[in-house]
Structure formats: C-alpha cells, structure tokens
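One structure is given here, and the rest of the page talks about it.
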Amino acid sequence: MFDLKNVDICVSTRYLIRNLNLTLNKGDKCAIIGEEGNGKSTILKCILGQADYAIISGFIDLKGLRVGYLEQSLSDKDKRVFDFLFLDNVDYYNKLNGFYKLIGNFNIKEDLLKKNMNTLSGGELVKIAILKILLDDPDILFLDEPTNDLDIAALEWLGEFINSIDKPILYVSHDETLLSKTANMILHIEQLKKKTECKHTLVRCGYDEYVAKRLRKIEAMTQIAKNERREQEKKKERLNRIMNTVEQDQRNISRKDPHGARVLKKKMKTLKVQEKRINTSELSELPDPEENINFFFCDVNIPKNKEILRLKMEKLEVPFKVLAKNIELDVIGPKHITIIGENGVGKTTLLKEIIKVLESRKDIKVGIMPQDYNSYLTNYKTPLEFVASTDINDITEARKYLGNMKFTREEMCGDIRNLSNGEIAKLFITKLVKDKCDVLVLDEPTRNVSPLSNPVIRNELKNFKGTIISVSHDRKFIEEVSTDIYELTVAGLRKVE
C-alpha cells in the first residue's frame, strides 16, 4: 500500500537517514524509535511533503491513499471543539454519528464539544485530534507521539485500537508499554559517532524481541572487543619482557663480540616490527550505543520522619471552574509519590500548587521538571546557560554532565530553541542532577524521552534517595519508581492501595 525506495533525508549538513527502503501493507504497525533529535518527526513530515527545510531524495509513493496524520503539537487551537471536528465537513451527519460511537472509548463527555480547544488539557487535545483523524476514515495513519498526555484509560484504549484495525500505521512513540503491545515492525533511527554518522535498522518483529536481540548483539560485540584488547595487552606484556631481556643483553655484551652484538641488534629490530604490528592491529570497536546515557543522582539525606509537604485545600480550581475538592496530601521522608488521574482533572494544576508550597521552604532544595518546558526556558539562549552559572569551574562541570547525556559540544552552545522535546527533557534531568536537589517535582518526566533511554532514567529515579512528587501516565514509571500512588478525581485525592 505504501512504498519508500532508496530514500535519503538531510537537514542542514546532517543526514537523518540514508537508503531507506520501507513497504507497509495492511496490518503493519511500524514504530519509529530512536533518541531525541534524531529526526523521527521530520521523517514523517518528509514522507507527507511537509518538511521544506529538509533535502529529500529517492522514491516516495503514497499511491493516492487518504492519510490520517496526528502531529506532535496542534497549531489549530482557536476553534470550538465542535467546529474543529465538523466544520466544513460535507459528510457532517455520518461524521457526527461516528463521533457518538467513539466518544465512549475516549471517555469524552458531550459538553466538551462546546469548549474552546485552547481551554483543553494536553490529553484532551490529543484525544480530540485522534478523533478527527478517525472521523475522516483514512487508509493509512501517521501518528507522531499519540500517547503524549493521555491518561491510563486512554492509553489502554489506544493500544487496543491500534491492534484492532487492519490499516497500516507508521508511528513515533516513547511509550514502551504501547510499543510492546502494538508494534510488529521497528524502524530504529540512530546518530552515531557524536552525531556525524546516521544508521537505521528495519526489522519485522515486536518491540520487546527487537530490544532483546539488540542487547544480546551489543553484549556479544562488547565481549569480542574486550577479549581482543585483553589478548593485545598479553602480547604487549610478553613482547616487553623479551625486549627488556634483549636490551639487558645489549648493555652487557662485550665489545670483543661484534657478531653477538649484530645478532642482538637484528633481534631488537625484529621485535620493534612486532611491536608496531601489535600497536597498529585493527581491533573490533567497542559498541557505544546511542542511548547509553550515563548519569546518577548524588546521595541526599532526607530523614524518614522529615515533613516534606502537608497540603490541605478545600478546592482546586482554575478560572470559572472547580476541578477537585477536599485535597489532602502529606509527604513524610524520602517517598516517591506519583499522582494519576483522568485528563483534565487538574493534576498539573495541583503540582503547581505543591511547587508554591515547597519553594517557600529553606531546608530543602527543590528541582522542577514542568510539563510546559518553555515557561522555564524563555530567559536562556543555550543549554549550557540553562544548566550552569557564569563561573568557569561550574561551566566545566556542566559540560561533563551534558556530555554524559549525549549532548555534543555544538548542541551545548547552540540555540536552545533548536532542541527537540526529548532533548529538553534530558536537559531538565541534567539540571536536577547537577543542582543536587533532594526533592524532585516532576510533571510527566518520561513522556518525551526515547524508549531506549527511559529504562536508565527510571532506574536512577527509583534509586534516588530523596523525595519525588510526580504526575505520570507512564505505566512502567508508575510501577517501577513509585512507592505511593494517589489518584486525583473531582472528589479529591485518594491513595491507591
């Protein structure tokens, strides 16, 4: 149904992909994975002819298919939901009937139709955008981060929906659970050697199988490379012992034995040739997986009985609307609290109230990772400026931390606005680590990070000795990082046992 042949995509002077051949047929669910900034969204846009900033060569054939395209961020937010879904629709009545059949699956209330798009939560926006695509009955779906901001119920529905249709789907996702349940093809986009060389891997298998095979391959290649280096060192040691003996013999040989001196000189010359051969012998490269980020939180000391937060609110509200009532949350000691709840219930609003309380404290150092990155980045020009002060030693330390998160020197000093959402997420994590915070407030910390890097981040947060108060829909994050889970509803905040 859909063909790419010998496709190259280049942005500026950097190739995102070279010689890509891809065919999608009915029932194919091809997930594009890769690290932040590798061009996954750009690849989707290039296929659809919506990336005028990229140089594209090769053959792209959509064969006249009706394409349903979910962008990573909606630009058309000034309309009412009803108008966004149905305005200018010639097939209005059928679409409306289709809408009412679908809204139950999305847990959408009918009064949402009367609201303006710009008043919806991030999760509600994603649901409405997916609904609009489905109402247009496309032949093929291109989904760019469809899970962003979706609540757990909607995530489960999305997985079931992807599996239930026989239309081909090409999608970008960071949600490991969704990938595990839905993908039957993987297109892995990589940027290697400090982002100077592109590589792609296309396989027909599930996500879990691909990751397992890849890890086994990396482990095998690592073992081969280490064995070669060990063997090389042994050869060097043996050769050095022989050379030391010959040098000793040369120093001790009598001048009355010129023949013996010539023999030793010739032997040393042969040994030097062997030494050069050993030193210049080609060794298998040690694998350096692109997602091999390296960071850890410093040890912090939050006593088990230390009061971190005692929050009591009669109501949680935004202008003209009460979101929830009778909210109480006590956080004592190094707990890892995760708040879950339906889209639009007010989780981010609650987190902002918590931040206000915590920032007034002088006895803790609070680190924040917001849902809206831009609200914290407007005064910074570069990633290095965001992470470091103007002190030269602090800048040096910040470069080390950013390098551990796979930022290149050019990216560290480049325009912060050029970073992808995933790169910005890693930037915030870098700052949390460098600032040695003992209380972390995180709003969807893993939602923009690649599925290959996310296990590392989850593991470090799991082992963090301080306090974490977070909002998340990431099912693996909730399971692995949380010590306590609370659900926010209109009736308040209740602990999930």
Side-chain angles (χ1 to χ4, degrees), residues 16 31-45 70-75 121-123 125-126 129-130 143-152 154-155 158 171-179 188-191 195 207 290-291 293 295 338 343 347-348 351 367-377 380 383 386-387 402 405-407 411 414-433 440-461 468 470-478 480-481:
L16 304 181
I32 305 178
I33 64 171
E35 294 304 293
E36 299 74 25
N38 281 7
K40 301 183 293 295
S41 297
T42 295
I43 289 170
L44 289 182
K45 290 177 181 177
L70 176 70
E71 298 181 71
Q72 193 171 121
S73 57
L74 286 177
S75 55
S121 70
L125 282 171
V126 173
I130 293 176
L143 309 178
D144 195 355
E145 291 295 351
T147 60
N148 273 1
D149 301 313
L150 290 181
D151 57 38
I152 293 173
L155 286 170
L158 180 63
Y171 62 113
V172 175
S173 180
H174 293 146
D175 188 296
E176 293 165 75
T177 305
L178 183 82
L179 291 170
H188 185 187
I189 309 298
E190 298 179 83
Q191 289 285 320
K195 302 188 179 181
Y207 176 75
E290 186 190 26
E291 71 278 6
I293 57 176
F295 78 98
T338 302
N343 292 130
K347 299 183 297 296
T348 294
L351 219 54
I368 299 168
M369 187 173 180
Q371 188 179 99
D372 178 12
Y373 301 144
N374 292 330
S375 61
Y376 280 75
L377 297 177
Y380 301 97
F386 176 68
V387 174
L402 288 167
M405 293 295 264
K406 296 292 187 174
F407 283 86
E411 288 170 335
D415 192 333
I416 203 167
R417 294 173 299 180
N418 292 335
L419 298 180
S420 70
N421 284 336
E423 288 171 315
I424 295 174
K426 286 184 176 178
L427 184 62
F428 272 94
I429 293 171
T430 303
K431 186 169 178 61
L432 297 177
V433 171
L440 307 181
V441 184
L442 314 174
D443 197 348
E444 292 286 0
T446 59
R447 68 185 177 127
N448 290 310
V449 181
S450 89
L452 296 171
S453 288
N454 252 328
V456 179
I457 293 171
R458 288 197 306 269
N459 187 61
E460 292 305 319
L461 289 172
I468 300 175
S470 64
V471 164
S472 183
H473 296 135
D474 181 338
R475 288 159 282 186
K476 286 186 177 290
F477 177 92
I478 295 168
E480 296 175 18
V481 179

Can you find a heavy atom in the side chain of L461 that is under 4.5 Å from one in the side chain of L440? yes
Return the minimal non-hydrogen interatomic distance between L179 and S173, and the atom names on each side. CD1-O, 3.8 Å
Find the distance between CG (L143) and OH (Y171) and round it off to the nearest 0.5 Å. 9.0 Å
Could you list the residues that satisfy salt bridge (Lys or Arg N to Asp or Glu O under 4.0 Å) with K431, not counting sequence neighbours? D435
Would you check, one step at a time, whether the test side chain to side chain contact (heavy atoms under 4.5 Å, CB included) holds for I32 with I189? CA-CA 7 Å; I32 305 178; I189 309 298; 3.8 Å; yes
I need the S450 OG to E190 CD distance, nearest 0.5 Å. 10.5 Å
Test side chain to side chain contact (heavy atoms under 4.5 Å, CB included) on L427 and F407 and set out the steps. CA-CA 9 Å; L427 184 62; F407 283 86; 4.2 Å; yes
Excluding sequence neighbours, so at least two apart, what forms salt bridge (Lys or Arg N to Asp or Glu O under 4.0 Å) with E176? R458
Do K347 and Q371 pass the side chain to side chain contact (heavy atoms under 4.5 Å, CB included) test, and can you show the C-alpha distance, the side-chain angles, and the key distance before you say yes or no? CA-CA 11 Å; K347 299 183 297 296; Q371 188 179 99; over 6 Å; no
Residues in side chain to side chain donor-acceptor pair (under 3.5 Å) with D144, at least two apart? S41, Q72
Do L70 and I130 touch side chain to side chain, with heavy atoms closer than 4.5 Å? yes
Would you indicate whether the side-chain heavy atoms of L442 and I468 approach each other to under 4.5 Å? yes
Distance from E411 atom CD to M405 atom CE, nearest 0.5 Å? 12.5 Å
Any side-chain heavy-atom pair from V433 and E460 closer than 4.5 angstrom? no
Are the side chains of K426 and V449 in touch, meaning some heavy atoms are under 4.5 Å apart? yes
Any non-hydrogen side-chain atom of F428 less than 4.5 Å from a side-chain atom of P370? yes
Are N343 and V126 close enough that some pair of their side-chain heavy atoms sits under 4.5 Å apart? no
Pair K406 + E35, salt bridge at N-O below 4.0 Å: no
Are the side chains of I424 and N448 in contact, using a 4.5 Å heavy-atom criterion? no
Across all chains, not counting sequence neighbours, the salt bridge (Lys or Arg N to Asp or Glu O under 4.0 Å) partners of D372 are none
How long is the gap from CD1 on I152 to CG on D474, to the nearest 0.5 Å? 9.0 Å
One should read off an interatomic distance between R417 CZ and L419 CG, to the nearest 0.5 angstrom, of 11.0 Å
What residues form a ring pair (Phe, Tyr, Trp, His ring centres under 6.0 Å) with Y376, not counting sequence neighbours? none
Less than 4.0 angstrom from a charged side-chain N to a carboxylate O is my criterion; do E423 and K195 meet it? yes
Please evaluate residues V456 and F295 with respect to the criterion side chain to side chain contact (heavy atoms under 4.5 Å, CB included), reporting the C-alpha separation (whole Å), side-chain torsions for both, the decisive distance (0.1 Å), and the verdict. CA-CA 9 Å; V456 179; F295 78 98; 4.2 Å; yes
Is the charged tip of R447 near the ring of Y373: under 6.0 Å from the six-membered ring centre and within 45° of its axis? yes
Enter the distance from L150:CG to E444:CD here, rounded to the nearest 0.5 Å. 9.5 Å
Sorted by chain and number, sequence neighbours left out, side-chain contact (heavy atoms from CB on, under 4.5 Å) with T177 holds for D175, K181, R475, K476
